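Some notes on the structure that comes next.
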Number of protein chains: 2
Amino acid sequence: MLPYEHFGYIGAMTDSPNEVTPDRLSQADALPPSDQHAQQYAAVRNAHETELLEDYVELIADLLEHQGEARSTDIAARMGVSQATVSKTVTRLKSLGLVSSKPYRSLFLTEKGEAMAAMSNQRHAIVLQFLRALGVSDRIARIDAEGMEHHVSQETLDIMQRFTREQESRSS
Amino acid sequence: MLPYEHFGYIGAMTDSPNEVTPDRLSQADALPPSDQHAQQYAAVRNAHETELLEDYVELIADLLEHQGEARSTDIAARMGVSQATVSKTVTRLKSLGLVSSKPYRSLFLTEKGEAMAAMSNQRHAIVLQFLRALGVSDRIARIDAEGMEHHVSQETLDIMQRFTREQESRSS
DNA sequence: CCTACAAGTTAACCTTGGCTAAAATACTAG
DNA sequence: CTAGTATTTTAGCCAAGGTTAACTTGTAGG
Ligand SMILES: [Mn+2]
Ligand SMILES: [Mn+2]
Ligand SMILES: [Mn+2]
Ligand SMILES: [Mn+2]
C-alpha cells in the first residue's frame with residue numbers, strides 16, 4: 001500500500017561536479033539544538049491541525065463565488081472523498097463556527113469562515129504564482145501549492161511575493 | 001485551542017499598486033476541472049501518509065551518524081512528543097520494514113529504511129538550501145522546510161536545485 | 001399529488017498519531 | 001550483586017479523517 005517498496009534517487013545531484021556542495025551539505029547535516037528541532041516538528045503538527053479546515057473554507061468560498069452555491073456533492077467530487085466524509089467534516093466546521101447551514105441545504109461561510117478563506121486564498125495564490133514564476137509547470141505548481149501553502153511562514157511568503165513581482169516586471 | 005479566533009491579514013498585498021495582479025489573480029481564481037482538482041487533494045493526502053515515517057527515518061539516520069546511536073529518548077526530545085508516542089510509531093516503522101531493533105534496545109535502519117532516509121535527506125537539504133538562497137533566514141527556513149519538503153514534486157526540486165546553484169555561483 | 005432519483009445524514013467501522021499512567025527492562029553506582 | 005534511576009513498552013484513552021451501507025430528506029416530472 002505505501003509507495004516505498006523500492007527507491008530511486010533524486011536527480012543526478014550526487015555525482016554532479018560542483019565545488020560548493022560539501023560545504024553546504026555539512027552545514028545542512030549538523031543537527032540543530034534539540035529544542036529548536038522540536039519546534040520545527042511542532043510547527044508542522046500545528047499546520048496539520050488547520051490545513052484541512054483551510055482547504056474546505058477555501059473551496060466553499062470558491063464554489064460560492066463561481067457556482068453561486070456550495071453543495072456537499074460538489075465538495076465531495078472536488079476533494080475526491082465520499083459524501084459521508086464531507087458531511088462529517090462540515091459538522092466539525094460548523095462546531096468551530098466557520099460554516100453555517102440548515103440540514104440538507106447548501107453551505108455558507110460565517111464571518112470567521114470568510115476571514116479564514118480570504119487568508120488561505122491569498123496565501124495559496126502567492127505560493128502558486130511563485131511556483132509558476134520559478135518556472136514550474138501549471139499542473140505541477142497547482143499540486144505542490146496545495147500542500148506547500150500550509151507550511152509557508154509569513155517571512156517566506158513576503159519573499160515569494162517579491163520574487164514573483166520582480167520576475168514579472170523583468171518579463172514585461 | 002485552534003488559533004483561529006481572530007484573523008489578521010497577510011502583508012499589504014491587496015492595496016499595492018501593481019498592474020499585473022488582476023490578470024494573474026483571475027487566472028488563479030478559476031476553478032480547475034473537477035477531476036484535476038481532486039488529484040491535487042489526493043496528492044496531499046498521499047504525502048501525509050508517509051511524511052511522519054520520512055521524518056522518523058531521517059532523524060534516526062541523523063542520530064546514528066552524529067550520535068552513534070538512535071535512542072527513543074532522543075527521538076522523543078527532538079520530535080517534541082512523548083516516549084510512548086515514539087514507541088508506538090517505531091512499532092509501525094518496524095512493521096513496515098523500515099526500522100529494526102531488539103526490545104529495549106537502540107534503533108537501526110533496514111536497507112529500505114536507509115534508502116528512504118537518503119531520499120528524504122536529499123530532498124530536505126534541497127528545499128532548505130533553496131529557501132536560504134531565496135533569502136529566508138536560517139531559523140524560518142528550517143521550520144518551513146520541515147513541512148514543505150513533503151509536498152515538493154521532482155520537477156520543482158530540480159528547479160529549486162538549479163536556482164540554488166545559480167544563486168551560489170553569482171555570489172562567489 | 002405522488003413517485004423516483006438525487007442529495008445529505010447517520011451508524012459502524014478502521015488507521016493514524018497524540019496523550020497519561022503504570023509496568024517492565026536495562027544500566028550504573030555503591 | 002543489589003538498589004535506584006533511566007529508558008522503553010504497554011494499556012487505555014481521545015480526536016481526526018477516511019471508508020461503506022443504510023436511512024432520511026428534497027425536488028422535479030408525469
Ligand atoms: Mn488551499
Ligand atoms: Mn491546501
Ligand atoms: Mn525531513
Ligand atoms: Mn519533515
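No experiment lies behind these values; they were computed from the predicted model shown. The sequence lines fix the lettering, A, B, ..., with proteins before strands; numbering per chain opens at 1.
Bracketed by its first and final contacts, the part of DNA chain D lying under 4.0 Å from non-hydrogen atoms of chain A reaches from D/dA16 to D/dT27 in 5' to 3' order.
A/Gln67 places its CD atom 13 Å from the P atom of C/dA7, with the value rounded to the nearest Å. The interatomic distance linking A/Tyr41 (OH) with C/dG18 (C1') rounds to 17 Å, in whole Å. In this structure, CD of B/Gln83 is placed 16 Å from P of C/dA22, rounded to the nearest angstrom. Rounded to whole angstrom, the span from the OH atom of B/Tyr104 across to the P atom of C/dA26 amounts to 7 Å. Whole-Å rounding puts the A/Lys88 NZ to C/dA11 P distance at 12 Å. Between A/Glu51 atom CD and C/dT16 atom P there is a gap of 18 Å when expressed in whole angstrom units.
Map A/Thr91 and B/Pro103 each onto its nearest nucleotide of DNA chain C; the residue landing nearer the 5' end is A/Thr91. Of the two residues near DNA chain C, A/Lys102 and A/Arg45, the one whose nearest nucleotide lies more 5' is A/Lys102. In this structure, A/Ala84 and B/Val86 both approach DNA chain D, and ranking their closest nucleotides by distance from the 5' end singles out B/Val86.
Not a single salt bridge (Lys or Arg N to Asp or Glu O under 4.0 Å) links A/Glu166 to another residue, sequence neighbours left out. Partners of B/Ser153 under the side chain to side chain donor-acceptor pair (under 3.5 Å) rule, at least two apart in sequence or in another chain, are A/Asp144, B/Thr156. The salt bridge (Lys or Arg N to Asp or Glu O under 4.0 Å) test applied to A/Glu149 returns A/Arg123, not counting sequence neighbours.
A sub-4.0 Å separation between OP1 or OP2 of C/dG17 and a side-chain N or O of B/Arg92 is present. Note on B/Ser82: a side-chain N or O is less than 4.0 Å away from OP1 or OP2 of C/dC19.
Side-chain contact annotation: A/Arg139 with B/Gln39, donor-acceptor N/O pair under 3.5 Å present.
When each of C/dC27, C/dA24, C/dC19 is scored by its nearest atom to the side-chain atoms of B/Arg105, the top-ranked nucleotide is C/dC27.
Ionic pairing of A/Arg162 and A/Asp158 is not present here: no N-O contact between side-chain nitrogen and carboxylate oxygen is shorter than 4.0 angstrom.
A heavy-atom distance below 4.0 Å to DNA chain D is reached by these residues of residues 71-79 of chain B, ordered by number: B/Arg71, B/Ser72, B/Thr73.
For the atom pair A/Thr164 OG1 and A/Leu128 CG, the distance stands at 9.5 Å (nearest 0.5 Å).
Remark: aromatic rings of B/His150 and B/His124 are distant, center separation not under 6.0 Å.
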Which donor-acceptor pairs under 3.5 Å do side chains of residues 67-79 of chain B form with protein atoms, sequence neighbours excluded?
| unit_1 | atom_1 | unit_2 | atom_2 | d |
| --- | --- | --- | --- | --- |
| B/Arg78 | NE | A/His37 | ND1 | 2.9 |
| B/Arg78 | NH2 | A/Pro32 | O | 2.5 |

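Under the 4.5 Å side-chain criterion, counting only non-hydrogen atoms from C-beta, A/Val44 is not in contact with A/Gln40.
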